[in-house]
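Scroll down for the structure; my scribbles are underneath it.
Chain letters run A, B, ... following the sequence lines, proteins first and then strands; every chain starts at 1.
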Number of protein chains: 2
Amino acid sequence: MKRIGLLAIAVVTVACLVVSFISASGKAAGEAAPIYLAQIPPGYRDWRLISVAHEEGNLNSLGAILGNDTAIKAYRDGKLPFPDGTIIAALHYRHVASEENNKVFGRAQSFVPGTPTNVQFMVKDSIKYAATGGWGFGHFNASDGQPGDEAFMKTCFPCHAQTKTSDLVFTHYAP
Amino acid sequence: MKRIGLLAIAVVTVACLVVSFISASGKAAGEAAPIYLAQIPPGYRDWRLISVAHEEGNLNSLGAILGNDTAIKAYRDGKLPFPDGTIIAALHYRHVASEENNKVFGRAQSFVPGTPTNVQFMVKDSIKYAATGGWGFGHFNASDGQPGDEAFMKTCFPCHAQTKTSDLVFTHYAP
């Protein structure tokens, strides 16, 4: 039986009345405005593994990328573009040395997830999110479950748009 | 619906007639001998995420730790020792720079799973694996699905035995 993560429950409770917010600034009438997620997709912590990721530098991040059933099927079938209904979640944590593990191993080699930093989502809906390549982007701070502000959210699409050959998705499936 | 990973299918096919092998060398009559897994638990690639891990040095590894339903429930409930039936899987890959991602980011910061190296398991059965703290250990090469040799497998328990306060398990749950 699938179970919903406590974080997801807490955040969904807080955000349950809000469906999405629309960025309308600087857009001419009739031009599609980007839509960002304002609600964490429920149950994401129970989704299956797509891959893992480590980012050095300022991000200093260790992460897991999970996918809902539609995402996992698309990855395993190797079909692009991803179908509507696909949701990909990226769970990010600080990349921290594990003193506990290193003590056992006898050397400084082990890094594990530290404080959770954020959870990010890509939701495929080719109609709703037509203005951003069919993907709705979401970013939620782990500390309070709040979404990223508009200035930050505007950076998602231009960056992902550089990965056109994989339908705007950076992550490949880890076998 | 849960699906079984292709790797798991392939390896289970190869190993399906072998249940386990028993290390009997150097053991006095009547003394319990350690038992190692000789078969990959089916369906593990569909299990839920426990955490992720990065090992530097010779291991140079990026990994995901998954758990079956019993494992996930025990972790979330915070109950130790883990109950019989718990299975924890560690999927290991080479930790490699992603040139594709770094090109987009404009700096060398991104590391992703490279070639799969091995999959390791801990199976809790307090009777069957009494000689090794209630845990059966398994290691399978990603290249051919073959288990580790006995000399290698003998190193699992003494190392894990140093993590007594977490019932011989290194990995903590990532929220």
Side-chain angles (χ1 to χ4, degrees), chain A residues 1-3 5-7 45-66 69 72-73 76 89 91 93 95-98 100-116 142 159-163 165-166 170-175, chain B residues 1-3 5-8 45-66 69 72-73 76 89 91 93 95-98 100-101 103-116 142 159-163 165-166 170-175:
Chain A
M1 191 183 75
K2 297 205 171 183
R3 295 153 48 88
L6 290 179
L7 176 63
R45 188 57 184 76
D46 286 328
W47 294 349
R48 287 176 285 178
L49 179 78
I50 297 170
S51 189
V52 294
H54 169 213
E55 301 291 331
E56 287 187 344
N58 292 341
L59 288 174
N60 184 35
S61 174
L62 192 57
I65 297 90
L66 310 181
D69 288 350
I72 295 292
K73 177 168 171 43
R76 291 180 178 175
L91 292 66
Y93 309 85
H95 176 262
V96 300
S98 170
E100 183 183 14
N101 293 359
N102 289 338
K103 192 175 171 185
V104 174
F105 298 152
R107 54 181 180 266
Q109 69 168 45
S110 183
F111 295 87
V112 295
T115 306
C159 190
H160 279 268
Q162 296 177 66
T163 60
T165 56
S166 52
F170 282 100
T171 304
H172 300 283
Y173 185 82
Chain B
M1 190 183 74
K2 296 203 171 184
R3 296 153 48 89
L6 291 178
L7 175 63
R45 187 59 183 75
D46 286 328
W47 293 349
R48 286 176 286 178
L49 179 78
I50 297 170
S51 189
V52 294
H54 169 213
E55 300 292 330
E56 287 188 342
N58 292 340
L59 287 175
N60 184 35
S61 173
L62 192 57
I65 297 89
L66 309 181
D69 288 348
I72 294 292
K73 177 167 171 41
R76 291 180 178 174
L91 293 66
Y93 309 86
H95 177 261
V96 300
S98 170
E100 184 183 14
N101 293 358
K103 192 175 172 185
V104 174
F105 299 151
R107 53 182 181 266
Q109 70 168 45
S110 184
F111 294 86
V112 296
T115 307
C159 190
H160 280 267
Q162 295 177 67
T163 61
T165 56
S166 52
F170 282 100
T171 304
H172 300 283
Y173 185 81

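Side-chain contact between B/Gln109 and A/His54 is absent, with no heavy-atom pair separated by less than 4.5 Å. Side-chain contact between A/His172 and B/Val112 is absent, with no heavy-atom pair separated by less than 4.5 Å.
The candidate from A/Arg107, A/Glu55, A/Gln162 with the greatest count of non-hydrogen atom pairs under 4.5 Å with chain B is A/Glu55. Top candidate by heavy-atom pairs under 4.5 Å with chain A, chosen from B/Thr163, B/Val104, B/Asn60, is B/Val104. In terms of non-hydrogen atom pairs under 4.5 Å with chain B, the most contact-rich of A/Ser110, A/Ala108, A/Ala53 is A/Ser110. No other option in A/Pro113, A/Ser61, A/Ser166 has as many heavy-atom pairs under 4.5 Å with chain B as A/Pro113.
In this structure, A/Phe170 CZ and B/Ser98 OG are separated by 8.5 Å, a value rounded to the nearest 0.5 Å. For the atom pair B/Phe111 CZ and A/Leu62 CG, the distance stands at 12.0 Å (nearest 0.5 Å).
Between B/Val52 and A/Gly63, the shortest heavy-atom distance links the atoms CG1-O, 3.8 Å.
For A/Tyr93, the part lying near chain B is the side chain, with the backbone staying farther off; criterion is any non-hydrogen pair under 4.5 Å.
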* **side chain to side chain contact (heavy atoms under 4.5 Å, CB included) between B/Leu49 and A/Trp47, worked out** => CA-CA 8 Å; B/Leu49 179 78; A/Trp47 294 349; over 6 Å; no
